[in-house]
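Report on one structure; see the data block that follows.
These numbers come from the heavy atoms of this one structure, side chains and all, not from hydrogens, waters or symmetry mates.
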Amino acid sequence: MTTSRSAPTNQPVAALSYLMAGQVHAHDRRTERFTEADRQHYLDLLSALFVLCADRRFHRDDHSAVIRFVASVRERFDPDRDLVDPVIAENLLLAALGGHDTLPATAENVTVQTLLTVALVSDEQPSPAGFDALLREVDAMVAAVPPP
């Protein structure tokens with residue numbers, strides 16, 4: 001997605017907005033300035049956006065749709081087939097749908113989850129206002145979770 005959007009004031013939300021809009025350099029500039037709290041908030045936002053979009057896209061027991069989606073993500077975003085492990089991608093999606101145990105937040109799993117999230121949001125093709133509403137919804141979801 002390359003739609004221009006207004007940047008939210010919350011640093012992690014702004015970084016996620018830039019990433020989903022395909023503005024990787026602006027995203028990277030934001031994340032470089034993150035505090036540890038910002039980094040955790042960003043990961044929480046990314047996970048919440050991933051779960052919300054996966055839930056909108058798939059039925060819990062439709063494994064074939066998950067497999068087809070993962071194949072399309074690998075085709076679109078991973079031509080060398082070295083970023084998206086299909087087993088990890090499928091397990092992440094199934095976990096988001098409640099049909100599999102949650103995977104640990106390793107660097108590889110976060111990378112795969114990020115690419116899947118970009119694809120899910122891109123496929124939804126939200127308008128700029130719809131995208132902003134989606135980010136506000138995700139930020140509210142994260143804010144509503146009590147700290148550990």
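- The distance from atom OH of Y42 to atom OG1 of T114, rounded to the nearest 0.5 Å, is 5.5 Å.
- Considering all non-hydrogen atoms of both residues, A48 and V142 come closest at CB-CG2, 3.8 Å.
- Taking the six-membered ring where the residue is Trp, F69 and F58 present perpendicular rings, their angle passing 60° and hence far from 30°.
- Residue T102 holds its OG1 atom at 11.5 Å from CG of L94, rounded to the nearest 0.5 Å.
- Atom CD of residue Q113 and atom CD of residue E108 lie 13.0 Å apart, to the nearest 0.5 angstrom.
- N109 and T111 share no donor-acceptor pair across their side chains, judged by distance under 3.5 Å alone.
- Side-chain contact between H41 and N10 is present, with at least one heavy-atom pair separated by less than 4.5 Å.
- Between L134 atom CG and E124 atom CD the span is 6.5 Å, to the nearest 0.5 Å.
- L93 contributes atom CG, which lies 5.0 Å from atom CG of L116 (distance to the nearest 0.5 angstrom).
- Between H63 and R60, the shortest heavy-atom contact is NE2-O, 4.3 Å.
- For the pair D28/V24, a side-chain contact is recorded, criterion being any heavy-atom separation below 4.5 Å from C-beta on.
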**OP:** Give the intermediate values and the outcome of side chain to side chain contact (heavy atoms under 4.5 Å, CB included) for residues L45 and L49.
**Re:** CA-CA 6 Å; L45 290 168; L49 182 59; over 6 Å; no
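- For the atom pair L16 CG and T117 OG1, the distance stands at 8.0 Å (nearest 0.5 Å).
- The minimum heavy-atom distance between L92 and F50, with the atom names listed, is O-CE2, 3.5 Å.
- For N91 (side chain) and V87 (main-chain N/O), a donor-acceptor pair under 3.5 Å exists by modelled atom type.
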Subject >> Candidate pair V112 and V73, rule side chain to side chain contact (heavy atoms under 4.5 Å, CB included), full reasoning >> reply: CA-CA 10 Å; V112 172; V73 169; over 6 Å; no
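- For the pair S47 (side chain) and D44 (backbone), a donor-acceptor distance under 3.5 Å is absent.
- In terms of heavy atoms, H27 sits closest to A15 at CD2-O, 3.1 Å.
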